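Below is one structure, written out as structure tokens; comments come after it.
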2 protein chains.
Amino acid sequence: MEGGVDHLAHERNKAQFDVEEMKIVWAGSRHAFDVSDRMACLVASDPAFKKDNRATLGRKELFNNTLRKAAHAWKRILELRLTDEEAAKLRSYIDEPNFTDLHWGMFVPAIKGQGTEEQQQKWLPLANTMQIIGCYAQTELGHGSNVQGLETTATFDPQTDEFIIHSPTLTSSKWWPGGLGKVSTHAIVYARLITDGQEHGVHGFIVQLRSLDDHLPLPGITIGDIGMKFGNGAYNTMDNGVLRFDHVRIPRDQMMMRVMQVTREGKCVRSSVPRQLIYGTMVFVRQTIVSGASSALSRAVCIATRYSAVRRQFGPQNGGVETQVIDYKTQQNRLFPLLAAAYAFRFVGEWLKWLYTDVNQRLQANDFSTLPEAHACTAGLKSLTTSFTADAIEECRKLCGGHGYLCSSGLPELFAVYVPTCTYEGDNVVLLLQVARFLMKTVSQLGSEKKPVGTTAYMGRVEHLMKCHCSVQKAEDWLNLNTILEAFEARAARMSVAVAQKLARFANPEEGFTELSPNLVEVSVAHCQLIVVSKFIEKLQQDIPGKGVKELLEMLCNIYALNLLHKHQGDFLSTGSITSKQGSLANDQLRSIYSQVRPNAIALVDAFNHTDPYLGSVLGRYDGTVYPKLYEEAWKDPLNDSVVPDGYREYIRPMLNNQLRNARL
Amino acid sequence: MEGGVDHLAHERNKAQFDVEEMKIVWAGSRHAFDVSDRMACLVASDPAFKKDNRATLGRKELFNNTLRKAAHAWKRILELRLTDEEAAKLRSYIDEPNFTDLHWGMFVPAIKGQGTEEQQQKWLPLANTMQIIGCYAQTELGHGSNVQGLETTATFDPQTDEFIIHSPTLTSSKWWPGGLGKVSTHAIVYARLITDGQEHGVHGFIVQLRSLDDHLPLPGITIGDIGMKFGNGAYNTMDNGVLRFDHVRIPRDQMMMRVMQVTREGKCVRSSVPRQLIYGTMVFVRQTIVSGASSALSRAVCIATRYSAVRRQFGPQNGGVETQVIDYKTQQNRLFPLLAAAYAFRFVGEWLKWLYTDVNQRLQANDFSTLPEAHACTAGLKSLTTSFTADAIEECRKLCGGHGYLCSSGLPELFAVYVPTCTYEGDNVVLLLQVARFLMKTVSQLGSEKKPVGTTAYMGRVEHLMKCHCSVQKAEDWLNLNTILEAFEARAARMSVAVAQKLARFANPEEGFTELSPNLVEVSVAHCQLIVVSKFIEKLQQDIPGKGVKELLEMLCNIYALNLLHKHQGDFLSTGSITSKQGSLANDQLRSIYSQVRPNAIALVDAFNHTDPYLGSVLGRYDGTVYPKLYEEAWKDPLNDSVVPDGYREYIRPMLNNQLRNARL
Ligand SMILES: Cc1cc2nc3c(=O)[nH]c(=O)nc-3n(C[C@H](O)[C@H](O)[C@H](O)COP(=O)(O)OP(=O)(O)OC[C@H]3O[C@@H](n4cnc5c(N)ncnc54)[C@H](O)[C@@H]3O)c2cc1C
Ligand SMILES: Cc1cc2nc3c(=O)[nH]c(=O)nc-3n(C[C@H](O)[C@H](O)[C@H](O)COP(=O)(O)OP(=O)(O)OC[C@H]3O[C@@H](n4cnc5c(N)ncnc54)[C@H](O)[C@@H]3O)c2cc1C
């Protein structure tokens, strides 16, 4: 806090819970809090990581600046001997997408997941010390979602014991891989394996792209950046790239062979390692995306909440100081559910971490029974949380009125950098269709030997859920979390069963699935919302210390669930899971919880422990000094370098003087 | 079309209606079509209007470029002696926000609406020839929505017969006015009028800001640009500005005096002109915003529809060429309602134009009876159409998968430039609350002398609407547009009555209004959706020539309405306006109409008659040559100027060589 005046102190004094304890809950553990806090301060206090006015930098300057920060980060990681956990946190607080995200987030995990022991021994030490920099080259110009449709070929040449990597068409150009355009020396390239004239599906290959001497692309390789993306700064710090191969040869042992091998003779041999292993990696990557959703959402909510407490507009009737906009019920009704969702996603993200460990342990023990469920559940939660967060960031921007539209609010960049999360690692709609497939299978097996597990366990109680009645009679009855849970279970189960019955009427099940796909997507959403609600409730069953902390979390859980119940009232009513009277009572209850949460709002966003530099928002400043800082920021724009703008003489003056006719423009 | 190959010809051949006739319907009339078409071609064929790679330009270059285009446009307007209608179209096709938008859209209309005859005679000729350039300076750093809270003062000094314009606080700085930052020579400044130590509310004043000789701000005036806004290019071509006054003196006759005058002695005298006149201007401005919504939406939908027909992903099961993504029902369910909404908003926009004329004629005749209704209806439609369009543009971007995230898709800029429409000319939530106030008043007067008029006329049938039953028994029954209309009327009326009853339970009505404001916003939305549906249906009652044109429009009307019915099923069910069985039938019907619309999809977006340069999208190209053009565009990025990026030596090489420890970063 500069100058030491805290314009939000009166808000902080109102809080009815222990903020320091809430910070621990948010972080996940005291240890996690310590690491985060240390790394956040490290970044915030290092001038080399300052967020320059990214919005006004040209592409080249912007990119150069990112390279500098990435190098500096790696230097600090080495100097301070940071652990992997610390290093990852450090990188995330620098808050600029760059090639190291893909190197650590996709390249290294792919080698670990798909490489043999031997391959890991060869490549991991190089990657771990960044002597090579890798990216993940799967998507092509013509194919993203449909990985089996990739066109790049890897043809085995038994004469030389090599694969020939080739881009046969324009649409087979690799397109999008982050870090590819300008930095990576290596890539995991996905290509159709061809041996002896026969196709064997899509596999990963380690391909060196650039010379380690002068960084030039190797012979037969064309690489470039694919150009500007959404927003100022934002993802333009990343060199998403295009890559073409003209018969590029790599040694046979650079095919990732953990699951399938090609022998010296060109025979394909499946190893004893089960294919399902790759799902483990997907569970891991998507779990990090869910965590990321809660982080991004918490930032947007923090900005909008603090600014809503600073901003005053209209009223009161009797004169005097105007109303803080956070006191308007419409503002609360838009903002508080997003605040609640940030916490909800945090807890479901924590739980997914546990799920990943659990899945991994089972895989080690050759138990694949929970894998499909775990896979569907992470796919669904990735889709649900990222779609919600993308919309929520934009809603937070709107909650800030006009000023939210300025880059100095931080919100435009937060949105632009976040939205592709809805598309990469699985398009959100395509993912929901996968979840739906799993749910329909689950329903079709009800009553059989195969009992639904994990997050579908509730389906085992389908008979009860089809006929149960919601017991709510007055608004406060909705405070009962079991009542809420059962309503969400009933809704999800009944929607699943209803669409399964519709499906059964089609002679061709595939055709039915296609025809009913919009309904199926809704079923998946209902199922995934139930998961989030139920994990929030489970969290509340834990022992949570700190004055008022649990009470506040209960309110947030209520808000999260009752807001969804209202938004999707059509589902709840049409399935008879609640009556319309109960729906209206839920709404009344919601409004009354808003009033209880209101005095705690600022403290609830303080608990995210975001530093001002990390937030990067004039509107979201901890001390609430919004106006002087907005004013100060404005003058930094390059257009303000001169009072009279460039172009005045050529364009404005002739216009004013009616002399345009003769002007050459 | 370059090269002449039309990759979408097979789609165009499928169309079952007369596209040329549909173009006329879309444009509004043959005359309107001709003007639009001519102006679009004029812009598209003039190299001076080329959309340079705006995304990569720095702020100064970008702004300079915009000044050039604005000057060139004015030159062409004069040279070609374009009519006002033509000139406005020309400017809109240039498709870059700039100071002339505010000059023509706010400054000139404000003088016409609020200036006396004398004032108009003095200022309009100057403004009409652009010898002065004006902006509209209302919003301040501290106040936007609450205009009565503005802090700038205009104190009358009887000694010199002048007003002293002053900014007493930091928050009183004018903030946001477009065209102010670098270009405008004059502004209409809104300030609190003070005469003889007494306050007389907020009024408009014409203030000269810059010298007409050298463009420098006049003494006592500080002006600057407020800095970067959301997105690349986008609104950064506009110089939204900040403005402070230090006791700046202007002659008394520069107060806008049509409604109230200040005499030589400093007395305030109301003129005979009714205050309500200013509502006329608001109706006008908001009507143009509704038209703008249909235009913006039509562009996004055109891009997403064409690309969805080009893009293939997955299937079919039996091998062969892959499925066009437009054939997926989920894609249709996301896209076609947006297509339908573009048409729906077009028609309601046309109707608003009529409404504006009607209101004006009545005002001339001193008939103010329809004004509150017209005002509420335009406020509500502004809110509804802009919120929907903002979300829809982003949905169109997502419908394009990864490639939608590239600036070359055109969609990121379309979004970034569009979203502030939800905030300016009235924050959308604040507007809906105004609509709600009007609706509650209407309900409270039911049964009295005062009959509901215009778009609230349906309330006059409230008794019937409270008890009527929807007659749908099979899916096709939903094809009956009267059935749809009655369901929407019942829903809106019942929601209004229900919340009015809740309101009545509060001792203090204001408190009740505040407490129930989230519900009230929903009531307003229901009412406004009904207006759009009913105006679409009215349009269909007209004579519409051309093979298949009316049939297609009927399908779109159905899609628009039934999609809303599904999205807001909670409202329809909880009010008993339909049963859940009927809701499910509506959904079935919707899917079947999608199939009928599908072969016409490309032709329906062709009917918007957008040129490729105006669309500015590689994905939305008329000829469907997406991939070669995406590839070509990529290489234009400045990062591709060199194969090895700047920064390689300083940052990447030392990292790879493990030499960072010694590097100075
Ligand atoms: C910022 C960013 C970074 C990226 N980084 C990488 C990277 O590092 N490495 C890499 O390999 N890739 C990367 N990608 C690519 C990304 O993985 C793909 O964009 C993503 O998989 C989506 O595929 P697509 O673009 O082909 O979309 P498409 O599949 O073409 O989607 C277009 C539309 O079709 C719909 N659709 C597609 N299939 C179906 C279906 N079966 N049923 C119904 N609807 C369907 C979608 O819902 C969508 O609406 C990145 C992308 C972005 C935007
Ligand atoms: C691109 C752009 C161009 C502009 N151009 C101009 C221009 O040329 N001239 C000019 O004078 N101005 C201009 N403006 C300013 C614009 O008119 C204001 O931003 C707009 O009126 C909204 O006001 P605000 O920013 O004060 O929002 P606020 O009113 O501060 O809104 C903040 C939040 O408070 C909520 N809120 C406010 N009041 C209430 C209430 N009574 N009840 C419930 N909720 C409430 C809002 O819904 C919102 O969520 C421009 C703005 C932008 C973004």
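In what follows, chains carry the letters A, B, and so on, assigned in the order in which the sequence lines appear, proteins first and then strands, with residues in each chain numbered from 1. Computed from heavy atoms alone, side chains included, the values below leave out hydrogens, waters and symmetry copies. Just so we're clear, the structure is a prediction, and the values are computed from it rather than from any experiment.
With a threshold of 4.5 angstrom between heavy atoms, Pro628(B) approaches chain A through its backbone and through its side chain. Residue contact with chain A, scored on non-hydrogen atoms closer than 4.5 Å, involves the side chain of Asp588(B) exclusively. Proximity to chain B (any heavy atom under 4.5 Å) is restricted, for Lys502(A), to the side chain, taken from C-beta onward. Heavy atoms of Asp571(B) lying under 4.5 Å from chain A are absent altogether. Residue Ser595(B) does not touch chain A at all, counting heavy-atom pairs closer than 4.5 Å. Proximity to chain A (any heavy atom under 4.5 Å) is restricted, for Asp214(B), to the backbone atoms N, CA, C and O. Residue contact with chain A, scored on non-hydrogen atoms closer than 4.5 Å, involves the side chain of Phe63(B) exclusively. With a 4.5 angstrom heavy-atom cutoff, Arg244(B) touches chain A only via side-chain atoms. If you measure heavy-atom distances from Glu650(B) to chain A, you find no contacts under 4.5 Å at all. Within the 4.5 angstrom heavy-atom criterion, only backbone atoms of Ile223(B) (N, CA, C, O) approach chain A. Interface residue Glu322(B): only side-chain heavy atoms are found under 4.5 Å from chain A. No part of Arg649(B) comes within reach of chain A, as not one of its non-hydrogen atoms sits under 4.5 angstrom from that chain. Contact of Asn428(B) with chain A is not made at all, since no heavy-atom distance falls under 4.5 Å. Residue Ala48(B): no heavy atom, backbone or side chain, is found under 4.5 Å from chain A. Only the side chain of Leu170(B) has a heavy atom closer than 4.5 Å to any heavy atom of chain A.
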Exercise. Before giving the answer on side-chain hydrogen bond (donor to acceptor under 3.5 Å, both in side chains), spell out for Asn53(B) and Lys636(B) the whole-Å C-alpha distance, their side-chain angles and the decisive distance to 0.1 Å.
Key: CA-CA 9 Å; Asn53(B) 201 351; Lys636(B) 296 183 187 159; over 6 Å; no
Quiz item: Going through the distances and angles, do Asn333(B) and Tyr594(B) end up as a side-chain hydrogen bond (donor to acceptor under 3.5 Å, both in side chains)?
Solution: CA-CA 8 Å; Asn333(B) 188 49; Tyr594(B) 290 157; 2.8 Å; yes
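When ring centroids are compared, Tyr405(B) and Tyr424(A) stay outside the 6.0 Å threshold.
Ranked by heavy-atom pairs under 4.5 Å with chain B, the list Phe415(A), Phe99(A), Tyr328(A) is led by Phe415(A).
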